[in-house]
Protein chains: 2
Amino acid sequence: MLGVVSAPFDVLAEPRRRQILELLRQRPRLVGELTTELGVSQPGVSKHLRVLREAGLVGVRQDAQRRWYELRLGPLRELDAWLHPYRMLWDDALDDLEKHLETMPDRTEG
Amino acid sequence: MLGVVSAPFDVLAEPRRRQILELLRQRPRLVGELTTELGVSQPGVSKHLRVLREAGLVGVRQDAQRRWYELRLGPLRELDAWLHPYRMLWDDALDDLEKHLETMPDRTEG
DNA sequence: CGGCTATATAACCGCAAGAGCATGTACTGT
DNA sequence: ACAGTACATGCTCTTGCGGTTATATAGCCG
């Protein structure tokens, strides 16, 4: 194991899976809806949903034959946590830039 | 095109490439150093570095035969931007929880 | 219970990506 | 100029993944 953050990265590398998440960000959806909106075959969507499910990125609620898929935030928070040390770096860079600008004479190019 | 955020996701899906970024987060490194620390063949490292370079995630500074690879933050900021709407969702969830707790009577189980 | 709807699973195909090895290239010091 | 160092590139092989079609499963309605 290379860390729990591996899963989200790997899973989200797929553009269609990110697309699915974008759709689920608005509201839960049926597999059929996703199939229509993505323009992919139903088995294709189901396969992506399985991957997303196993990574904990989505959850399912069953209603008769229908399955409502909904967003789950946990793995995305892990991703955010992974990103955190890097975010600190660019915050620092921004601080440095601000300090730099404060030190600079008020000058504009020709 | 599916959005400029595709590249970072795709590139960072590789565990070794994330490992490389972690190392470069501390300080710039030579290819040889990375080879040693990752336990991968030198061509392997070079190939990953090429991918990272083309995605703008690292930059190179040449010094004689040596190449100092260093972190570049741009694509990571795009990743952060992609994450932003989701982050808002869990901030909301946290707000809701706080409000909920405020409304609750001060009660402990057991 | 029979046919229909909604979704999952299986089997297969094609491609792209990663690993390893061999080799090319660029710069160095003496 | 030569031998050595540091890195990149090309090639081949294999594996994994996404896509599709066909089929299984489960629940509904009449």
Side-chain angles (χ1 to χ4, degrees), chain A residues 1-3 5-24 27-72 75, chain B residues 1-3 5-24 27-72 75:
Chain A
M1 281 259 288
L2 281 160
V5 82
S6 287
F9 266 116
D10 206 42
V11 169
L12 294 177
E14 248 305 308
R16 296 196 195 283
R17 289 198 282 260
R18 288 200 303 276
Q19 235 179 312
I20 290 176
L21 283 202
E22 304 276 335
L23 289 168
L24 295 185
R27 53 181 172 82
R29 310 259 183 169
L30 296 173
V31 178
E33 296 181 59
L34 295 172
T35 299
T36 304
E37 306 220 39
L38 297 185
V40 187
S41 70
Q42 175 264 312
V45 173
S46 281
K47 235 178 143 189
H48 283 307
L49 286 171
R50 179 192 175 97
V51 175
L52 287 164
R53 228 188 309 132
E54 288 174 348
L57 279 157
V58 304
V60 207
R61 201 164 44 82
Q62 188 159 357
D63 162 37
Q65 319 104 315
R66 307 180 167 181
R67 313 276 170 106
W68 292 98
Y69 275 87
E70 61 189 11
L71 187 59
R72 295 235 184 273
Chain B
M1 281 259 286
L2 282 159
V5 81
S6 286
F9 266 117
D10 205 43
V11 169
L12 294 177
E14 249 302 311
R16 295 193 198 286
R17 289 199 282 259
R18 287 200 302 276
Q19 236 178 314
I20 290 177
L21 284 202
E22 305 275 335
L23 289 168
L24 295 185
R27 54 180 173 82
R29 311 259 182 167
L30 297 172
V31 179
E33 296 182 59
L34 295 172
T35 299
T36 305
E37 305 220 40
L38 297 185
V40 187
S41 70
Q42 174 265 312
V45 173
S46 281
K47 228 177 147 192
H48 283 306
L49 286 172
R50 179 191 176 97
V51 175
L52 287 165
R53 227 188 311 133
E54 288 175 349
L57 279 157
V58 304
V60 207
R61 201 165 43 83
Q62 188 159 356
D63 161 36
Q65 320 103 314
R66 307 180 168 181
R67 314 275 169 105
W68 292 98
Y69 276 85
E70 61 188 11
L71 186 60
R72 294 234 184 273

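Computation of the quantities below employed the complete heavy-atom set of this structure, encompassing side-chain atoms and omitting hydrogens, waters and symmetry-equivalent molecules. The structure displayed is predicted, hence computed values, not measured ones. We name chains A, B, ... by the order of the sequence lines, and we start the count at 1 in each one.
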A:Asp10 vs A:Asp63, nearer the 5' end of DNA chain D by closest nucleotide =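 Nearest-nucleotide comparison on DNA chain D picks A:Asp10.
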More 5' along DNA chain D: A:Arg67 or A:Glu14, using each one's nearest nucleotide?
-> A:Glu14
Between B:Arg53 and B:Val58, is there a donor-acceptor pair closer than 3.5 Å when you use the side chain of the first and the backbone of the second?
->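 No: the side chain of B:Arg53 does not pair with the backbone of B:Val58.
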Out of curiosity, [X] [atom1] to [Y] [atom2], how far, rounded to the nearest 0.5 Å?
X: B:Arg29; Y: B:Leu38; atom1: CZ; atom2: CG; result: 9.5 Å
X: B:Asp63; Y: B:Leu30; atom1: CG; atom2: CG; result: 8.0 Å
X: B:Leu49; Y: B:Glu54; atom1: CG; atom2: CD; result: 11.5 Å
X: B:Phe9; Y: A:Glu14; atom1: CZ; atom2: CD; result: 12.0 Å

Check every atom of D:dG27, D:dA6, D:dG18 against the side chain of B:Arg66 and return the nucleotide holding the closest atom.
->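 My answer, after comparing the listed nucleotides, is D:dA6.
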Salt-bridge present (B:Arg27, B:Glu70; N to O < 4.0 Å) =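 Between B:Glu70 and B:Arg27 there is no salt bridge, as every charged N stays at least 4.0 Å from the carboxylate O atoms.
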Short N-O contact, B:Glu33 and B:Arg66, less than 4.0 angstrom | no
Would you classify B:Leu30 as touching base, sugar-phosphate or nothing, given that sugar-phosphate means primed atoms plus P, OP1 and OP2, and contacts are heavy atoms under 4.0 Å?
->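 Sugar-phosphate contact only - B:Leu30 comes under 4.0 Å of backbone atoms but never of a base.
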Using a cut-off of strictly less than 4.0 Å, decide whether [X] has a side-chain nitrogen or oxygen near OP1 or OP2 of [N].
X: B:Arg50; N: D:dC7; answer: no
X: A:Arg16; N: D:dG19; answer: yes
X: B:Tyr69; N: D:dA6; answer: no
X: A:His48; N: D:dC17; answer: no

Please list, in 5' to 3' order, the outermost nucleotides of DNA chain C lying under 4.0 Å from any heavy atom of chain B.
-> C:dG18 to C:dT28
What is the distance, rounded to the nearest whole Å, between atom CD of B:Gln65 and atom P of D:dA8?
-> 13 Å
Rounded to whole Å, CG of B:Leu49 lies from P of D:dC7 at a distance of 10 Å
Sub-4.0 Å heavy-atom contacts from residues 36-45 of chain B onto DNA chain C, ordered by number | B:Pro43
May I ask you to test the A:Val40-A:Leu34 pair for a side-chain heavy-atom distance under 4.5 Å?
-> no
Do A:Arg50 and A:Ser46 pass the side chain to side chain contact (heavy atoms under 4.5 Å, CB included) test, and can you show the C-alpha distance, the side-chain angles, and the key distance before you say yes or no?
-> CA-CA 6 Å; A:Arg50 179 192 175 97; A:Ser46 281; over 6 Å; no
